Amino acid sequence: MRSFYSYLLLYISMILLLFCTSTKGYSDLEVLLKLKSSMIGPKASGLDDWEFSSSPSAHCHLSGVKCDEDHRVVALNVSFTPLYGTISPEIGLLNKLVNLTVSKVELTGNIPTDMRNLTSLKTFNISNNYFRGSFPGEILTGMTQLEILDAYNNNFTGLLPVELANLKHLNHLSFGGNYFTGEVPDKYSDIQSLEFLGLNANDLTGKIPAFLGRLKNLKSLFLGYSNAFHGGIPPEFGSLTQLKSLDMASCNLTGEVPESLGNLKRLRTLFLQQNSLTGRIPSQLAGLTSLKDLDLSLNELTGEIPESFSALQNISMIILFKNKLHGSIPSYVGDLPQLAVLKLWENNFTGELPENLGRNGKLCNLDVSSNYLTGSIPLDLCKGGTLQELILMDNFFFGPLSEKLGNCNSLTKIRIKKNNLNGTIPAGIFNLPSLSFVELDDNFFAGELPQRMSGDSLEMLKISNNLISGEIPPAIGNLRSLQVLELARNKLSGEIPPSISRCTSLTSIDFSQNSLSGEIPKGINKLEHLSNLNVSRNRLTGEIPAEIENMTSLATLDVSDNNLIGRVPCAGQFLFFDDSSFSGNPNLCTPNDSHCPARGSSHGHAPCFAASKLIITTIMLIILEGN
């Protein structure tokens, strides 16, 4: 019997031990429940299964919790569930934690200094929350095993913590997306284990420290966006031979791009855009044989695209827009086997586009607008069926558009206005399933619009100032997503098709300066979102539809210089239009014109002055009767 009681006492003691393994007499379960209480804010839901249980291992089965063989919590991963609360100081009692991840749960408040007790921690991820105040560097001194510290996208302020320098195993440090100020601490060069360093999108100042070039294991370095460094790119960065990503965009850089960056044979991404870099693009960058993405846009670079860049056989994105580059676009650009994105707009490039551009079958985005380019548009831009955006506007291109573009189902945007293009517009363009934006203004396109139109995604169609003739096809009504339709300054004739009323998403119509005839369709009032209607300088006849007075969204109306007759309606939306909207119609009477022919009245448009007189008389009679 004594033996039985001995075993019973031993069992009870073990249970009590399990429930008291945390310091201060709290079990891990009790700590978790206290954490739940603080992390769950008034609007939150989540952690529903975090409830009390008498089982000594029940807490090990709660969502986001993992335990070791002694039922101690070693991992806590609560992410992507809005909690809106704070982290309580009791977190420091989970002193066996190896992984603490509370990412994107909208927690706020300060980081408790009690976390200094988490001496076993290897992963510390509090990214994408609203933590504020200074980051307590003292909590890091005992985290000697820490490998990952991710505090990205919070509201931390103050200086960067220097205590990090003692973390000999740290390989991932992300403090980006906060409000840290001051300079990058010199001691950061001591963290030789670092492979990822993200200090981007803060308010850091001073020079970009050259000592970061000593971090020989670094693979990713992010310093750009919102930081306001002074000076240039340290040439010492050329010794970071393990580097795969270098992002120093939009951080106030000046000076030239160092030639030494060409030593980074493993570099895949180089982002230096939106700075004040000057000088030529170094030909030595051709040594970046692993490079896939290059962005040097929004700088003050001069010179030409280096011929040596033909060696960049892995490059898929070249972005150089808004610089002061000149010369021709090298012919080898069309031979780059992986090239998908080429953006060179707002430079001073001359000559023609490479004839073989697009033949690699990978091209998806081409923008060379606002240069001095000439010649014809290459025929094989959509050879691989991947071309999405074709933007060539404001150049001197001439010749016709290839009919192949009408079969390019991947296209979402065509912008080629302000060129010297001619011929007919490929009919297939109006039937492309994904095309949303067509801008062909200010060219010399001729011929008629196609009778078949079925582009369900087309939102903007702008073909003004060309030589388009014939009628506006009734099929225009099939473009149900159309918001902007501009066909002004062409040679269009015939009537405005009533089917236009089926384009119920339209906000703007401009048919001005054509030779359109017939009446304004009475169904125009079905366009409930229309804010601009311009049919001026045509040959339209008949009366202005009275239904327009109910189009409350219509802010601008111009029917001037036509052959309209009758009286301008005087109610509703017409109260907001001045006489210039109706001028140049000899037989059209303004609302207060008492000499208007009787035709207007017979159609239900009584003179506004007569209506006003009747209202005033009625009011006077009511007043007199009241007295």
Side-chain angles (χ1 to χ4, degrees), residues 152-153 160 172-186 188-189 191 194-282 284-288 290-302 312 315 317-323 325 341 343:
Y152 176 76
N153 198 24
L160 292 168
H172 183 108
L173 173 59
S174 179
F175 275 144
N178 284 283
Y179 299 93
F180 288 110
T181 54
E183 300 185 7
V184 180
D186 291 355
Y188 279 21
S189 64
I191 316 174
L194 266 184
E195 296 181 6
F196 181 104
L197 177 58
L199 305 177
N200 49 306
N202 280 287
D203 295 319
L204 299 173
T205 54
K207 287 188 176 183
I208 292 183
F211 60 72
L212 293 179
R214 297 184 221 146
L215 301 176
K216 302 302 182 183
N217 292 303
L218 206 59
K219 295 180 180 179
S220 299
L221 178 58
F222 296 88
L223 299 173
Y225 310 104
S226 300
N227 291 319
F229 299 115
H230 66 263
I233 303 168
E236 289 83 353
F237 282 10
S239 63
L240 298 172
T241 55
Q242 301 299 314
L243 208 60
K244 294 182 178 180
S245 297
L246 178 58
D247 189 342
M248 293 187 286
S250 187
C251 60
N252 206 39
L253 296 174
T254 57
E256 300 187 358
V257 179
E259 297 177 357
S260 60
L261 294 186
N263 298 328
L264 307 179
K265 306 298 183 184
R266 291 180 171 84
L267 198 68
R268 297 177 182 176
T269 300
L270 178 59
F271 288 165
L272 303 176
Q273 70 269 23
Q274 204 169 349
N275 284 293
S276 298
L277 297 171
T278 56
R280 295 175 173 269
I281 300 174
Q284 289 82 357
L285 294 187
L288 305 176
S290 299
L291 195 66
K292 292 185 176 181
D293 300 319
L294 173 65
D295 193 342
L296 304 177
S297 62
L298 292 157
N299 279 288
E300 298 173 20
L301 298 171
T302 55
L312 302 179
I315 200 159
M317 185 181 81
I318 300 176
I319 300 181
L320 305 175
F321 64 79
K322 294 205 77 167
N323 278 286
L325 301 170
V341 177
K343 294 186 177 183

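Only a predicted model underlies this, so the values are computations on that prediction, with no experimental measurement involved. Residue numbers run from 1 in the order of the sequence given.
Residues Leu246 and Leu261 meet the side-chain proximity criterion, which asks for heavy atoms closer than 4.5 Å. Within the 4.5 Å cutoff, side-chain heavy atoms of Tyr225 are placed close to those of Asp247. Side-chain contact check for Leu218 versus Leu212: every heavy-atom pair is 4.5 Å or farther apart. Counting heavy atoms from C-beta on, the side chains of Met248 and Phe229 never come closer than 4.5 Å. By the 4.5 Å heavy-atom criterion applied to side chains, Leu160 and Tyr188 are counted as neighbours. Contact check for Leu240 versus Leu267: no side-chain heavy atoms found under the 4.5 Å cut-off. Tyr152 is listed as a side-chain neighbour of Asn200, based on a closest heavy-atom distance under 4.5 Å. Residues Leu301 and Leu277 meet the side-chain proximity criterion, which asks for heavy atoms closer than 4.5 Å.
In this pair, Phe222 and Phe196 present their aromatic rings tilted. The plane angle is within the 30 to 60° band.
The local environment of CZ in Phe211 is crowded, with over 12 non-hydrogen atoms from other residues, nucleotides or ligands closer than 6.0 Å. For Lys216, the NZ atom sits in a packed shell: over 12 heavy atoms of surrounding residues, nucleotides or ligands are nearer than 6.0 Å.
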### Message
With side-chain contact (heavy atoms from CB on, under 4.5 Å) as the criterion, how do Val257 and Ile281 come out once you've worked through the C-alpha distance, each side chain's angles and the decisive distance to 0.1 Å?
### Response
CA-CA 7 Å; Val257 179; Ile281 300 174; over 6 Å; no
